[in-house]
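Residue numbering restarts at 1 for every chain, and letters A, B, ... go by the order of the sequence lines. Excluded from the calculations below are hydrogen atoms, water molecules and symmetry mates; all remaining heavy atoms, backbone and side chain alike, are included.
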2 protein chains.
Amino acid sequence: MFWTRFAMLLKDVTQAPVNPRKKPRQARAQATVDAILQASAHILVRQGFDGFNTNAVAERAGVSVGSLYQYFPNKDAIIAEMVRAKRSRLLTGLQAAEAAHEDAGLSEVLAALVAATIAHQEGWPQLSQALDRAAALMPLSEEGAELTAAILGVLHRVLRHHDVADAEVASLDLLALCRGMIDAALLRGEQDMDLLQARVMRAVLGYLGLRAM
Amino acid sequence: MFWTRFAMLLKDVTQAPVNPRKKPRQARAQATVDAILQASAHILVRQGFDGFNTNAVAERAGVSVGSLYQYFPNKDAIIAEMVRAKRSRLLTGLQAAEAAHEDAGLSEVLAALVAATIAHQEGWPQLSQALDRAAALMPLSEEGAELTAAILGVLHRVLRHHDVADAEVASLDLLALCRGMIDAALLRGEQDMDLLQARVMRAVLGYLGLRAM
DNA sequence: TCAATATGTGAGTTATTACTCATGTTTTGG
DNA sequence: CCAAAACATGAGTAATAACTCACATATTGA
């Protein structure tokens, strides 16, 4: 019928509230969600973004597409959740490093933060990279934005605590600097993390006008 | 999601010299190609990768899809050409900076190189970023790879000429460091290029163990 | 002038894939 | 034990977009 061609005009004029999918309540549901996330990571690393489609993810996870869409409103939400989890882990690592060196000198705290950042990326650098890229291209969820702010916040707090001038800009610069160096190094397969750490620290301390430790 | 629309990673691993299309011979054909590239840039910046499809590009360029496919064998080739052109421009800028400071001290040459890099990204930071990202996801054309090597080569040569140890690794690190800081700063809308330059130089000189100029 | 060649056209073909829904199965609370 | 709620299924639908092709127009060179 001709009118079906106009059905699109009727749908969803009002903005959708980013589809509240159900949360898993039973253990098997949680297992399904975990399987989906694990399969997603696997596919992202092995096939890249091109192989990453919901059918493939569901198949590899051993669940049906229908199940996938019970817990993720759309494909992006899977990526968003992986990014969220990754950010959350980094934040935890940084906070731990901060706490463990509360009374130490600036260089020492920064070294701990850099080490935590490297360790965080090291495990699965290809997945880390893929997720970082995706994160840059996606509108962040509210929680994602909060986590990003909190990550920057740790650095900012440390710098201010040690009376660094322009802590605001410095934290942005240092984060970008570290990310750039670490990503590039891991991407080209670098193995020696201590060496990488030392090089990053030279740049960081140089930026701040401090001498090497 | 942008990545599903790119053939980049999976197709023709083993084959196809990715250029079986005709080169423009008449002026109007060159105009067509230019229009396509310009439209592509516009769409990439305004709509991102999601809006970047051949139909949209052709429409905005004011040509037909058929014409587009006369000069570009596939969608990726458009991006590849933009990346190639961008790399080529950067290389030219760096070589000019190098030549203009042949007999100067290391700090001075580096400052010129950093300035050239900033100037290069400054014009359209969003396009720069989009292309950088795309380049990371695409297999480089032969010429693209050569350009990348040449860009690194300039830095490498400068470092070696001034007897920097580990010039190989240092050039990789410094390039990544600069890219990271500059991209981030321009994307968040920073305006003061002299200030940015000074901050980048602090990191660069610190990395090399040199004092500020 | 007039073929040969270069360039331009855009509706149509085709493959892909995000996402739905009618229906079936399992778990839970009372 | 039994309904209701949670969970799972996967063939099917519909939208999208890469790319083709048969044909039209413009330019060139002799």
Side-chain angles (χ1 to χ4, degrees), chain A residues 1-12 16 18-36 39-40 43 47-80 138, chain B residues 1-12 16 18 20-36 39-40 43-44 47-80 138:
Chain A
M1 300 294 146
F2 81 96
W3 53 264
T4 55
R5 307 172 62 115
F6 301 105
M8 49 177 293
L9 296 179
L10 301 178
K11 76 176 172 188
D12 210 34
V18 197
N19 238 328
R21 247 36 174 199
K22 69 179 68 165
K23 296 277 182 205
R25 298 172 113 78
Q26 301 174 4
R28 64 182 170 141
Q30 185 59 53
T32 297
V33 169
D34 292 343
I36 290 167
S40 296
I43 288 178
Q47 254 97 53
F49 287 111
D50 283 319
F52 186 76
N53 63 69
T54 52
N55 295 316
V57 168
E59 189 181 6
R60 162 126 207 133
V63 302
S64 67
V65 254
S67 289
L68 189 156
Y69 279 96
Q70 297 229 348
Y71 304 106
F72 298 96
N74 52 58
K75 195 168 75 157
D76 287 2
I78 304 174
I79 302 282
M138 291 173 64
Chain B
M1 292 199 297
F2 81 95
W3 46 74
T4 57
R5 328 229 121 97
F6 282 76
M8 294 167 184
L9 293 179
L10 297 183
K11 280 182 188 166
D12 60 71
V18 200
R21 247 39 172 201
K22 66 179 68 165
K23 297 275 184 205
R25 298 171 114 79
Q26 302 174 3
R28 62 185 173 138
Q30 186 57 56
T32 297
V33 169
D34 292 344
I36 289 167
S40 296
I43 288 178
L44 258 188
Q47 255 97 51
F49 284 102
D50 278 322
F52 186 77
N53 63 69
T54 52
N55 296 314
V57 167
E59 189 181 7
R60 163 132 205 125
V63 301
S64 67
V65 253
S67 290
L68 189 155
Y69 279 95
Q70 299 234 344
Y71 304 106
F72 298 97
N74 52 56
K75 195 170 74 159
D76 290 0
I78 304 174
I79 302 281
M138 292 174 67

Using whole Å, what does the distance between atom [atom2] of nucleotide [N] and atom [atom1] of [X] come to?
X	N	atom1	atom2	value
A/Asn74	C/dT17	CG	P	17 Å
B/Asp50	D/dA17	CG	P	8 Å
A/Arg25	D/dA4	CZ	P	18 Å
A/Lys75	C/dT16	NZ	C1'	11 Å
B/Leu68	D/dC21	CG	P	16 Å
A/Arg60	D/dG10	CZ	C1'	20 Å
A/Gln30	C/dT26	CD	C1'	17 Å
A/Ile36	D/dT9	CD1	C1'	13 Å

Can you see which heavy atom on [X] is nearest to which on [Y], and at what distance?
X	Y	result
A/Ile36	A/Val57	O-CG1, 3.8 Å
B/Ala35	B/Ala61	O-CB, 3.5 Å
A/Val33	A/Pro24	CG2-CG, 4.0 Å

Between [options], which nucleotide has the shortest distance from any of its atoms to the side chain of [X]?
X	options	value
B/Asn55	D/dA17, C/dA6, C/dT27	D/dA17
A/Ser67	D/dT9, D/dA18, D/dC7	D/dT9
A/Val65	C/dA11, C/dA18, D/dA11	D/dA11
A/Ser64	D/dT9, D/dA17, C/dT9	D/dT9
B/Val63	C/dT9, D/dA18, C/dA18	C/dT9
A/Tyr69	D/dA6, C/dA6, C/dA18	C/dA18
A/Arg28	C/dT26, D/dT9, D/dA18	C/dT26
B/Thr54	C/dA18, C/dT7, D/dA18	D/dA18

(message) Taking any heavy-atom pair under 4.0 Å as a contact, classify A/Phe72: base, sugar-phosphate, or nothing.
(response)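 Touches nothing.
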(request) Find the distance between CD (A/Gln70) and OG (A/Ser64) and round it off to the nearest 0.5 Å. (result)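 The distance works out to 7.5 Å.
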(request) Map B/Gln26 and B/Gly66 onto DNA chain C by nearest heavy atom, then report which one ends up closer to the 5' terminus. (result)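 Result of the comparison: B/Gln26.
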(message) Regarding C/dA6, can its base be found pairing with the side chain of B/Gln70 as donor and acceptor, where the two atoms are less than 3.5 Å apart?
(response)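 Between C/dA6 and B/Gln70, which were checked side chain against base, a qualifying N/O pair under 3.5 Å is absent.
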(message) Check this one for me: any side-chain N or O of B/Thr32 less than 4.0 Å away from OP1 or OP2 of C/dT7?
(response) no
(request) Decide if atom CD of A/Glu59 counts as having more than 12 heavy atoms of other residues, nucleotides or ligands within a radius under 6.0 Å. (result)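 Counting neighbours around CD of A/Glu59, 12 or fewer heavy atoms of other residues, nucleotides or ligands fall under 6.0 Å, so no.
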